[in-house]
Enquirer: 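Please find one structure pasted underneath; my questions will follow.
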Amino acid sequence: MKAARRIPLMKKMLAQFGIEEERVRLDWVSASEGDRFAQLVNEMTEEIRRLGPFSGNGGKADD
Amino acid sequence: MTKPKIALYWAAACGGCDVAVLDTNEKILDIANLADIVFWPVALDFKYHHVEEMADTSIDLCLFNGAVRNSEQEEIARLLRAKSKVMVAFGACACFGGIPALGNFTTRDEIFERVYIESPSSANENRTFPQTLTKVEEGELDLPEMFDTVMTLAQVVDVEYFIPGCPPPVDIILKVVDLFASGQLPPVGAIIASDKTLCDECERTKEEKKIARIYRPHQIIPDPNRCLLEQGIICCGPATRGGCGVRCVKANMPCRGCFGPPPGVIDQGAKLVSAIASIYQSDGQEDINRMLEDIVDPAGTFYRFGMADSMLKRKSLPQGERRA
């Protein structure tokens with residue numbers, strides 16, 4: 001249940017970093033819900049593909 | 001034998017690190033006896049050209065405080081790196097970006113707009129901004145270029161040692177001087193502080209870490225003997241390196257994280273999100289929403305000193321403004 005609190009807080013923080021909300025998603029899937037799992041992963045993949053690569057554009061060291 | 005040479009410099013900093021050196025009181029005379037101070041803009045009248053004229057690696061120890069946020073600071077960082085045998089990132093700004101790196105939540109243009117246009121004391125109808133080059137009758141005037149992104153010293157030049165703190169405490173400064181004088185400096189890359197977290201060094205009574213609401217420091221008078229986190233005050237102790245002498249917490253103020261992440265932690269802010277969210281008690285979405293409301297500025301709180309050194313380093317620049 002800690003994840004249920006951590007992820008919303010992290011998402012609030014990532015918004016301050018200007019990171020698209022869709023890049024992080026928390027969902028719950030039971031071990032018996034294979035179809036739903038596949039569907040969520042596909043949705044997430046499509047979403048990220050739509051957003052394109054993330055460029056943090058941080059300090060010069062990592063450029 | 002000639003005395004070793006020491007240089008001190010301030011880049012994007014408040015001056016507190018230089019004051020911390022002076023806080024060594026009479027020990028400053030020991031330092032002056034031990035070594036020649038060849039460059040220290042805040043205290044001594046040496047110019048950049050004096051440093052340029054020195055032979056490479058002729059300075060034995062350079063204590064560099066402040067982050068790097070403009071071209072002058074970058075140039076001097078490179079100059080001092082070339083002239084120094086040992087480069088020390090001195091203080092939270094040089095180590096992690098510090099308070100100046102909170103500017104990484106904005107851009108140069110936004111800062112200029114705020115400072116030169118929006119600020120209530122500005123009357124600037126012609127929208128005059130600082131220029132790196134200005135032609136006047138007498139010739140050209142130049143100013144350093146301000147960067148969009150504040151950097152740590154180690155993101156600009158190689159650094160041998162890190163002395164964290166805002167400012168570094170006097171006992172650590174004296175320890176470094178002793179280690180330097182006796183030739184016992186630790187392996188390159190060492191962070192000269194404790195290897196424990198602040199919580200490990202804090203003597204407050206710690207019981208069960210469970211909080212039901214969060215107080216900002218001005219909303220509560222905390223019990224001076226009980227863990228501040230357990231009283232609902234955001235204290236960065238769990239994800240901050242110790243060695244500071246627990247100065248703030250002893251003054252009944254929460255840790256702000258100026259010693260950076262402890263060993264094993266890559267991203268101080270992410271660790272704090274994890275720590276704070278996991279001790280918050282919730283029975284459902286309503287409680288989670290209250291936590292989100294209570295933590296007004298998570299990024300600014302959890303990366304107060306560590307923005308430039310964090311994994312993300314800055315707020316994403318708008319598309320089209322990204323530098324290669």
Enquirer: Will you find, in the side chains of Glu46(A) and Asn42(A), an N or O donor that is under 3.5 Å from an N or O acceptor?
Expert: no

Enquirer: Any donor-acceptor pair under 3.5 Å linking the side chain of Glu75(B) with the backbone of Pro144(B)?
Expert: no

Enquirer: Does any heavy atom of chain A fall under 4.5 Å from the side chain of Ile288(B), the backbone, both, or neither of them?
Expert: side chain

Enquirer: Using only atom types and a distance under 3.5 Å, with no angle test, would you say the side chain of Glu74(B) pairs donor to acceptor with the backbone of Val156(B)?
Expert: no

Enquirer: Check this for me: does any side-chain nitrogen of one of Arg314(B) and Asp148(B) sit under 4.0 Å from a carboxylate oxygen of the other?
Expert: no

Enquirer: Between Asp297(B), Thr152(B), Val68(B), which residue shows the highest count of heavy-atom pairs closer than 4.5 Å to chain A?
Expert: Asp297(B)

Enquirer: Considering only heavy atoms, which portion of Asp309(B) lies under 4.5 Å from any heavy atom of chain A: side chain, backbone, both, or neither?
Expert: neither

Enquirer: Which residues, numbered in order, of residues 5-17 of chain A come under 4.5 angstrom of chain B by heavy-atom distance?
Expert: Arg5(A), Arg6(A), Pro8(A), Leu9(A), Met10(A), Lys12(A), Met13(A), Leu14(A), Gln16(A), Phe17(A)

Enquirer: Pick from Leu63(B), Ile76(B), Asn65(B): which one makes a side-chain contact (heavy atoms from CB on, under 4.5 Å) with Trp10(B)?
Expert: Asn65(B)

Enquirer: So does Arg23(A) have more than 12 non-hydrogen atoms from other groups sitting under 6.0 Å from CZ?
Expert: yes

Enquirer: Given 3.5 Å as the limit, does a donor-acceptor pair link the side chain of Gln268(B) with the main chain of Gly257(B), or not?
Expert: yes

Enquirer: Need one label for Tyr280(B): side chain, backbone, both or neither, based on atoms under 4.5 Å from any heavy atom in chain A.
Expert: both

Enquirer: Flag the pair Glu47(A) and Arg25(A) as a salt bridge only when some basic side-chain nitrogen lies within less than 4.0 angstrom of an acidic carboxylate oxygen.
Expert: no

